[in-house]
Amino acid sequence: MKIVFSRKGFDSAAGGGASPIVDGVPVSLPIPAGAASNTSYGALRLGEHAKAASRGKLGEADLCHHDPMFTGDGTCIFGQVGAAQTHLANQGVGVGDIFLFFGLFREEDTGEPHHRIFGWMEVKRTVHLASCNDEERDEFRAHHHPHALAMHGSNDCLYVGPGGTANRASPALRLTVEEGPPSLWNRPSWLKRGGLTYHDRADRWLRGRRLKSVARGQEFVADIGRRKAPREWLAEVLEDLRAS
């Protein structure tokens with residue numbers, strides 16, 4: 001099994017600010033649409049939040065890249081392409097693996113920005129959009145998924161499976177250390193140097209179970225195999241994500 005720490009949503013580069021925590025619930029704001037989209041922030045009832053987080057640069061009418069997409073029946077549809085998809089493919093990410101979606105968040109009007117896990121998906125199916133049939137592509141076009149509306153690249157791929165988002169901003173889902181910069185994470189004891197892609201440099205692995213996470217990159221893969229400790233940690237994270 002592999003765990004993919006997948007960075008998504010607003011940050012200082014994409015959107016201009018952190019996604020909000022509203023009434024104790026993390027609300028991930030999709031990044032502005034850079035390619036095909038017919039979904040606006042207003043359609044997702046995120047217009048005012050996008051306006052506040054972007055300092056007025058975005059609003060109700062602006063189109064967004066609605067991805068990952070969580071449907072009403074408990075399904076997650078996530079698209080990836082380009083170098084990030086090549087990395088996932090090279091790492092062998094596929095059916096049975098788990099995506100943990102994280103992003104930059106802050107309490108509305110107060111609080112320091114920090115990274116936290118806000119959603120998850122267990123991969124049950126992969127769809128390669130360059131080679132799938134029209135019926136399969138139309139299935140995802142019906143959801144207005146941006147990767148299905150128009151190809152983003154020759155290796156465009158959808159990951160599909162059960163998933164959801166957190167109903168509370170649990171301290172257990174916070175990655176950033178208290179009072180630390182967003183990129184300085186608490187790390188579980190099982191995660192060590194060599195166990196997370198893009199994080200091989202020795203100076204990233206600090207004492208006190210801290211990790212200096214990379215500033216760029218979307219998909220960080222931990223191959224946990226059959227090890228007990230990471231599976232127990234993952235079970236606790238998923239339980240927290242599913243809690244009402």
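Both backbone and side-chain heavy atoms feed into the values below; hydrogens, waters and symmetry mates do not. Computed from a predicted structure; not experimentally measured.
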- Query: Does some side-chain heavy atom of I98 sit less than 4.5 Å from a side-chain heavy atom of V4?
  - Reply: no
- In terms of side-chain heavy atoms, does E122 have a donor or acceptor partner in Y159 at a distance below 3.5 Å? no
- Message: Less than 6.0 angstrom separating the ring centers of W185 and F102, yes or no?
- Response: yes
Can you give the donor-acceptor pairs under 3.5 Å from side chains of residues 90-97 to other protein atoms, not counting sequence neighbours?
unit_1	atom_1	unit_2	atom_2	d
N90	ND2	T86	O	3.4
D97	OD1	K2	N	2.9
D97	OD2	G94	N	2.9

- Query: Residues in side-chain hydrogen bond (donor to acceptor under 3.5 Å, both in side chains) with S54, at least two apart?
  - Reply: none
- So does E60 pair up with R45, basic N to acidic O under 4.0 Å? no
- Given side chains that start at C-beta, do those of H143 and M69 come closer than 4.5 Å, heavy atoms only? yes
- Item | Interatomic distance, E178 atom CD to L184 atom CG [nearest 0.5 angstrom] | 11.5 Å
- Note on the structure: Residues passing the ring-ring contact (aromatic ring centres under 6.0 Å, His included) test with F78, sequence neighbours excluded, are F99, F101
- Do you reckon W190 sits in the same ILVMFWY cluster as L100, going by side-chain contacts under 4.5 Å, direct or chained? yes
- Item | ILVMFWY network linking L44 to F70, side-chain heavy atoms under 4.5 angstrom | no
- Query: Taking atom CZ of R7 and atom CZ of R216, what is their separation to the nearest 0.5 Å?
  - Reply: 9.5 Å
- Salt bridge R227-E232, side-chain N to carboxylate O under 4.0 Å: no
- Does a sphere of radius 6.0 Å around CG in N133 hold more than 12 heavy atoms from other residues, nucleotides or ligands, not counting ones at 6.0 Å or beyond? yes
- Item | CG-CG distance between D11 and L29, expressed to the nearest 0.5 angstrom | 11.0 Å
- If two hydrophobic side chains count as joined below 4.5 Å and joins carry through other members, does L158 share a cluster with V81? no
- Message: Tell me whether R168 is salt-bridged to D240, with the criterion being a basic N under 4.0 Å from an acidic carboxylate O.
- Response: yes
- Query: Under a 4.5 Å side-chain heavy-atom rule over Ile, Leu, Val, Met, Phe, Trp and Tyr, are L196 and L88 clustered together?
  - Reply: no
- Task: Apply ring-ring contact (aromatic ring centres under 6.0 Å, His included) to F105 and list each qualifying residue two or more places apart in sequence or on a separate chain.
- Result: F118
- Item | Residues forming a ring-ring contact (aromatic ring centres under 6.0 Å, His included) with H145, sequence neighbours excluded | H147
- NE2-SG distance between H128 and C157, expressed to the nearest 0.5 angstrom: 4.5 Å
- No-hydrogen, no-angle side-chain donor-acceptor test under 3.5 Å, H115 and S183: no
- Evaluation steps, salt bridge (Lys or Arg N to Asp or Glu O under 4.0 Å), between R231 and E236: CA-CA 9 Å; R231 286 173 177 266; E236 292 175 359; over 6 Å; no
- Message: Does this structure show an ion pair linking E139 with R141, if we count only N-O contacts that are shorter than 4.0 Å?
- Response: no
- Do L129 and L149 share a hydrophobic cluster, counting only Ile, Leu, Val, Met, Phe, Trp and Tyr and linking them when any side-chain heavy atoms are less than 4.5 Å apart? no
- With sequence neighbours excluded, residues passing ring-ring contact (aromatic ring centres under 6.0 Å, His included) with F220: H199
